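Here the structure comes first, spelled out in structure tokens, and everything after it is commentary.
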Amino acid sequence: MTFTADDQRYMSRALELAAQGKYSAKPNPCVGCVIVNDSDIVGEGWHKKAGEPHAEVHALKQASAAANGSTAYVTLEPCSHHGRTPPCADALVKAGVSRVVIAMQDPNPLVAGKGVARLRDAGVDVFVGLLEEQARAMNKVFCHKMTTGKPYVISKVAMSLDGKTAMASGESQWITGSAAREDVHRLRAESDIVLTGVGTILADDPQLTARDGLTGFLVQQPRIVVLDSQLKTPLNARVFGENANTTILTCSDNEQTIQALTAIGCIVEVIAADSKGQVDLYAVHEWLVLQNINSVMIEAGALLNGACLQTGIVDELVIYMAPSALGSDARGAFSMPQVSKLSDRVQLVYVNMDELGDDIKLTYNVKREK
């Protein structure tokens with residue numbers, strides 16, 4: 001089918017609405033819906049939070065009786081199954097919507113194609129594929145989880161032009177400017193989990209919450225996960241702040257410390273150790289796969305950044321590069337002692353570059369061996 005200019009305009013609006021949920025709908029996808037009757041927008045909606053009504057329900061409620069005989073523009077195939085909310089495909093049929101235009105099919109096996117079939121079986125005209133590329137990009141991590149069964153893992157690094165992340169003393173605040181730091185907060189807000197190591201906790205005592213540059217958005221804070229082999233995280237660390245949702249993954253069986261951490265609201269889970277007595281990163285990845293999440297953001301030092309890259313669990317690398325040089329004695333971005341020749345290197349694929357004030361944001365995909 002050839003879509004009209006009006007179709008394009010209404011779907012663009014639906015995508016704008018969907019984007020409002022980018023920090024709050026996780027681990028659900030971002031979805032927007034626009035209902036049009038006789039060339040007038042009679043209802044709009046977006047999915048705000050998992051467990052709450054979907055975009056179609058909000059739009060239908062606003063449209064009320066005007067939904068009868070209308071066209072609904074939805075950025076993702078309406079669901080056809082009973083989850084925490086009733087099927088949206090049934091709601092559209094019940095409201096009398098006569099035409100549904102969908103940006104992309106839902107990659108979730110519970111839905112994939114079934115929502116479209118439900119609508120068509122009820123006599124609704126359904127068309128799929130309008131602005132599909134934009135819709136797929138918006139829900140990149142959701143699509144990745146649905147198709148691979150694994151969360152999408154992003155490693156974030158802030159460094160100088162000569163590839164350094166901190167002075168030899170450990171001083172690192174602040175290498176980049178305020179615009180880059182706000183972008184990091186937005187990246188956190190998009191993530192289900194922010195993963196770090198105990199070394200970062202001890203060195204910087206970060207909060208790892210999403211705070212800056214998010215005015216006007218509904219934000220669901222990411223879960224914080226700390227890899228702490230020997231349970232050295234202080235009980236007064238800022239990752240245990242008010243309303244924090246923090247988990248420590250350890251290979252220690254120190255019951256006294258585990259009880260102390262549990263008493264302040266931290267979840268402690270014991271997982272396998274590697275040959276060096278550290279938490280095994282393959283076991284960490286297996287644990288992440290079992291969580292109800294789509295995305296993980298790694299904010300850590302050179303040891304964990306390098307180990308995660310070498311282990312192969314990183315999908316995307318985001319580098320914030322400042323226009324400065326810290327010198328040869330400063331700390332590097334990735335510690336990878338096993339890389340001794342060029343054939344051992346981790347190869348990256350360039351995605352894009354953005355300017356953030358005086359800094360540059362570089363995005364790369366990690367190249368996988370075929």
Side-chain angles (χ1 to χ4, degrees), residues 23 26 141 151-160 163-167 170-214 219-229 232-234 237-241 244-249 266 278-279 281 284-285 287-288 291 293-311 313-322 330-336 356 359 361-364 366:
Y23 306 128
K26 57 191 180 180
V141 299
Y152 192 81
V153 180
I154 297 172
S155 182
K156 162 260 167 185
V157 177
M159 68 184 191
S160 61
K164 306 297 183 178
T165 61
M167 303 305 297
E171 179 187 1
S172 62
Q173 296 179 337
W174 299 101
I175 291 175
T176 55
S178 59
R181 294 198 298 274
E182 285 188 1
D183 196 72
V184 171
H185 281 246
R186 289 189 287 269
L187 196 58
R188 286 178 190 165
E190 291 181 14
S191 304
D192 294 294
I193 282 178
V194 172
L195 178 72
T196 192
V198 66
T200 296
I201 301 298
L202 295 174
D204 300 331
D205 193 21
Q207 288 180 259
L208 298 178
T209 52
R211 305 178 303 278
D212 302 335
L214 295 162
V219 177
Q220 178 186 333
Q221 289 294 336
R223 182 179 176 185
I224 298 169
V225 174
V226 182
L227 305 188
D228 184 357
S229 301
K232 295 179 180 179
T233 303
R238 293 205 295 170
V239 290
F240 301 133
N245 182 3
T246 304
T247 297
I248 288 180
L249 299 183
C266 176
Q278 304 292 314
V279 289
L281 288 182
V284 171
H285 191 241
W287 181 87
L288 290 169
Q291 306 306 301
I293 60 167
N294 298 328
S295 62
V296 178
M297 175 185 176
I298 299 172
E299 284 200 71
L303 287 175
L304 186 53
N305 279 333
C308 288
L309 267 180
Q310 282 197 291
T311 305
I313 68 174
V314 178
D315 298 291
E316 182 178 303
L317 184 61
V318 177
I319 296 175
Y320 297 89
M321 185 176 290
R331 300 181 182 182
F334 305 100
S335 176
M336 296 193 293
L356 298 171
D359 303 317
K361 176 184 178 182
L362 294 164
T363 303
Y364 296 91
V366 177

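Below, each value reflects all heavy atoms present in this structure, side chains not excepted, and no hydrogens, waters or symmetry copies. If you're wondering where the values come from, they're calculated on a predicted model, not measured in any experiment.
To the nearest 0.5 Å, the span separating CD1 on Ile293 from NZ on Lys26 amounts to 10.5 Å. If you take CZ on Arg181 and CZ on Arg211, they are separated by 10.5 Å, rounding to the nearest 0.5 Å. Rounded to the nearest 0.5 angstrom, Asp192 CG and Gln220 CD are separated by 7.5 Å. To the nearest 0.5 Å, atoms CD (Glu182) and CG (Leu214) are separated by 8.5 Å. Here the CZ-OG1 distance, from Arg238 to Thr246, works out to 12.5 Å after rounding to the nearest 0.5 Å. Atom CD1 of Ile298 sits about 7.0 Å away from atom CG of Asn305, to the nearest 0.5 Å.
Panel note: side chain Gln221, backbone Ala210; a donor-acceptor pair is recorded below 3.5 Å. A donor-acceptor pair under 3.5 Å is formed between the side chain of Asp228 and the backbone N or O of Thr233. Looking at His185, its side chain never comes within 3.5 Å of a backbone N or O of Gly213 through a donor-acceptor pair.
In summary, Asp183 and Lys361 engage in a salt bridge, as defined by a charged side-chain N under 4.0 Å from a carboxylate O.
A 4.5 Å side-chain heavy-atom check between Glu316 and Tyr364 finds every atom pair outside the cut-off. Looking at Ser191 and Ser295, their side chains come closer than 4.5 Å, going by heavy atoms from C-beta outward. In this structure, Val296 and Ile154 have side chains that are not in contact, with every pair of non-hydrogen atoms separated by 4.5 Å or more. Considering only heavy atoms from C-beta on, Pro222 stays 4.5 Å or farther from Thr209 through its side chain. Residues Val225 and Trp287 meet the side-chain proximity criterion, which asks for heavy atoms closer than 4.5 Å. Looking only at side-chain heavy atoms (C-beta outward), Pro151 and Asn294 stay at 4.5 Å or farther from each other.
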- Task: Take Ile175 and Met159 through the test side chain to side chain contact (heavy atoms under 4.5 Å, CB included) and record every step on the way to the result.
- Result: CA-CA 7 Å; Ile175 291 175; Met159 68 184 191; 5.7 Å; no
- Task: Kindly indicate, with the supporting measurements, whether the criterion side-chain hydrogen bond (donor to acceptor under 3.5 Å, both in side chains) is fulfilled by Arg223 and Thr247.
- Result: CA-CA 8 Å; Arg223 182 179 176 185; Thr247 297; 3.1 Å; yes
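Taking all atoms of both residues into account, the shortest heavy-atom contact from Val184 to Met297 is CG1-CE, 3.9 Å. Taking all atoms of both residues into account, the shortest heavy-atom contact from Leu356 to Ala180 is CD1-CA, 4.0 Å.
For Tyr152, the ring pair (Phe, Tyr, Trp, His ring centres under 6.0 Å) criterion is met by His144, not counting sequence neighbours.
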Let me check something: any side-chain donor-acceptor pairs from residues 193-201 under 3.5 Å, sequence neighbours excluded? List them with distances.
{"unit_1": "Thr196", "atom_1": "OG1", "unit_2": "Glu299", "atom_2": "O", "d": "2.6"}
{"unit_1": "Thr200", "atom_1": "OG1", "unit_2": "Gly301", "atom_2": "N", "d": "3.4"}

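Thr176 and Asp359 form no side-chain donor-acceptor contact under 3.5 Å, judged by distance and modelled atom types alone.
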